[in-house]
Number of protein chains: 2
Amino acid sequence: MGRRIGIKDVAAAAGVSATTVSHILNEVEGKRINAETRQRVLETARELGYAPNGLARGLRLKRSNTIGFVSDQIATTPHAGRIILGAQEEAAKHGLLLLMLNTGGDPELERKEIDLLLQRQVDGVLYASMYHRVVEVPERLRSVPTVLLDARSDDPGVPSVVPDEVLGGETAVRELVRHGHRRIGFINNVDDIPATHGRLEGYRRALAEAGIAEDPRLVVAETTDAVGGYRAALRLLQAEPRPTALFCFADRLAMGVYRAAAELGLSIPADLSVIGFDNQELICDGLFPGLTTVALPHYEMGARAVAQLLALTGAQDHGTGSASQEMLPCPLVARASVASPPRL
Amino acid sequence: MGRRIGIKDVAAAAGVSATTVSHILNEVEGKRINAETRQRVLETARELGYAPNGLARGLRLKRSNTIGFVSDQIATTPHAGRIILGAQEEAAKHGLLLLMLNTGGDPELERKEIDLLLQRQVDGVLYASMYHRVVEVPERLRSVPTVLLDARSDDPGVPSVVPDEVLGGETAVRELVRHGHRRIGFINNVDDIPATHGRLEGYRRALAEAGIAEDPRLVVAETTDAVGGYRAALRLLQAEPRPTALFCFADRLAMGVYRAAAELGLSIPADLSVIGFDNQELICDGLFPGLTTVALPHYEMGARAVAQLLALTGAQDHGTGSASQEMLPCPLVARASVASPPRL
DNA sequence: ATGTCGTGCCCAATCGTTTTGGCAAGTGAG
DNA sequence: CTCACTTGCCAAAACGATTGGGCACGACAT
């Protein structure tokens, strides 16, 4: 079991000092190296398959080229994988690796785990939430550049990346308006979170923009699951005149809406158009007809968060400088559940 | 911005040498320390909030307390989060952190990323697949303890953790038999992967065990999505006599089965019992009635894989020794889609 | 011959730990 | 008083990289 080969091995093989090897491999400015020597060293390094020891380098440079990914539950929610993926790929582009860590929402555990991260000398931390919400940044993280992911802070000095809920709501409703709908119901969520308020606001803006008066009977709030969607749809579809389209706070609600529509003998999209939110492929593709929806930009959020972190660590000032609370648009994903309203 | 405090700071504050502090904090055997000194050092360490520098320690110990988690696409598939979670939590129990990395199935990228991991001196690698399959272990990983996760190798020397597909199939069909079903259809997958063969084998064993002759017309293979399930169900439910229960290779297929049943005027579970596989909560809870299914033990697989890795690194021999190809059972998750068959 | 300068390389210190092999002081026996 | 032994601690050498400050040598001018 041969020891991993180190810089000294290369130096010895090439007949120079470790210093010189380091200068060459790192292309240090202001150091004069004979072209021939450089060539020789580069070649021996390649032949020997030399790769620097990250720990040693990190120790010396006080940088680990590693960023911590702390999340409450993210690893367990379905679409969250794309956040991780986005972050990981963007990080990889810059030679960074992600140290994953799930707190399960337990503050005690969170404290311990963050300490573990800091011990590992992470260059920065992504503090991610499983759904868009407002959080406090743990005290421990003050000492290291931190970006909030799918979460934001009340302190405007803390950088964050979240979806633009308002614009997302607008996008959904505009799509319905575009197809000619004027009586549009909205099944909202009941929780007091940014998405609830934001999407409602977007719904209203899109209606206003189209010159449609809001009918309060067309907005209901329900628990965000299929049963909630079912109940809400039954209620909404009793209103007179009956709405020709429903905007669901979440795709899961739409599952219930489909069932309600089937029971009422309404065909989607001929009699009723439905649009969701989240773009959970399992649901959207599983329903028939396919559910048109608005996607949360998970991948992009992950990527942007890493980019922000990089900007932060680049700047000397941790915090006030280039920190920004970024909002990403939620794109429409058209499938087959939206059509023109039925002729009366 | 005060420098992080190191072991020397503690030593100075406590009036002893760094050596002594190290001995005390690491509870080194065979070193005699005065009880009073020990107390004093422990206290100053706590007061100062000392935490060892992981990089320095790793460099010295040649262990990074970090394990690499390499996956093809895992971060993007829905239930995969639980694999990560299981691995992460088990790792955390032993003070290990997970370095995440997604190859996207690109071998070139995979090679580069694995090199990155090795540079970081990971203590071991979890090589995970997004679905149970047979893989080759990349050459690069030969130099470090590796465990396959939701994948296995043809080389029996390579340890791995996978779900027990056969037993899972048996579990599903037994549950139907237990409720009195004797005509049980199976909608299988079309791909040539272990799950396809395993679950079919399980189906057969359960039938045999119950003394039911297999009717080839009751087994069909379809693409694993709602549309496939729909088509397959229409076909199966035409057989005479009509099956009273369907076992679906995947929950997604069940979505289509529900639709087909509704169209045929069959009520679930009164007229038709349905059982799925995967336990994708989004689907199982979203369907009405809730889908009884067999769960893939994602969390446990992640945890077991870490445990195996630990066993490997403990043993001196990388490979042949305690390496095992482990199969985990898939537990039944009962909801509301299975009942006794209708009286004829 | 002496001084000056550029070129090409290397020495040694450093990062923060762990660990080996001590050493000084105390204790008890002879 | 000397010797042997224990107790409690510490100095210094790793680990593998980076880097500031050289040093030796040859070329060229004076």
**Request:** Return the set of residues passing side chain to side chain contact (heavy atoms under 4.5 Å, CB included) with A:Ile7 (not counting sequence neighbours), or none when no residue passes.
**Result:** A:Ala18, A:Val21, A:Ser22, A:Tyr50

**Rounded distance (Å) that lies between atom C1' of D:dC15 and atom CG of A:Leu61** = 15 Å

**Set of side chain to side chain contact (heavy atoms under 4.5 Å, CB included) partners for A:Glu108, sequence neighbours left out** = A:Asp106, A:Arg111, A:Lys112

**Asked** Where along residues 27-46 of chain A does a heavy atom come under 4.0 Å from DNA chain D, residue by residue in number order?
**Response** A:Lys31

**Item:** Length of the CD1-P vector between A:Ile24 and D:dA17, whole Å
**Value:** 15 Å

**Message:** Please enumerate all residues that pass side chain to side chain donor-acceptor pair (under 3.5 Å) together with B:His23, with sequence neighbours excluded.
**Reply:** none

**Request:** Please determine, for the side chain of A:Leu59, which listed nucleotide (C:dT17, D:dG16, D:dA17) has the closest atom?
**Result:** D:dG16

**Asked** Closer than 4.0 Å, any side-chain N/O of A:Lys62 to the OP1 or OP2 of C:dG16?
**Response** yes

**Prompt:** Heavy-atom contacts under 4.0 Å between residues 47-58 of chain B and DNA chain C, which residues?
**Reply:** B:Tyr50, B:Ala51, B:Pro52, B:Asn53, B:Ala56, B:Arg57

**Asked** With no angle test and no hydrogens, is the base of C:dT19 tied to the side chain of B:Thr19 by a donor-acceptor pair under 3.5 Å?
**Response** yes

**Fill in**
Taken in chain and number order and not counting sequence neighbours, the residues that satisfy side chain to side chain contact (heavy atoms under 4.5 Å, CB included) with A:Ala51 are A:Arg4, B:Gln119

**Asked** If you look at every strand shown and take non-hydrogen atoms under 4.0 Å, does B:Lys8 touch a base, only sugar-phosphate, or nothing?
**Response** base

**Request:** Flag the pair B:Leu310 / B:His94 as yes when at least one side-chain heavy-atom distance between them is below 4.5 Å, and no otherwise.
**Result:** yes

**Fill in**
Residues passing the salt bridge (Lys or Arg N to Asp or Glu O under 4.0 Å) test with A:Arg120, sequence neighbours excluded, are none

**Request:** Could I get the full list of salt bridge (Lys or Arg N to Asp or Glu O under 4.0 Å) partners for B:Glu36, not counting sequence neighbours?
**Result:** none

**Prompt:** Got a sec, which residues hit side chain to side chain donor-acceptor pair (under 3.5 Å) with B:Arg152, two or more places apart in sequence or on another chain?
**Reply:** none

**Prompt:** Can you check the A:Arg120 CZ to C:dT17 P distance for me, whole Å?
**Reply:** 14 Å

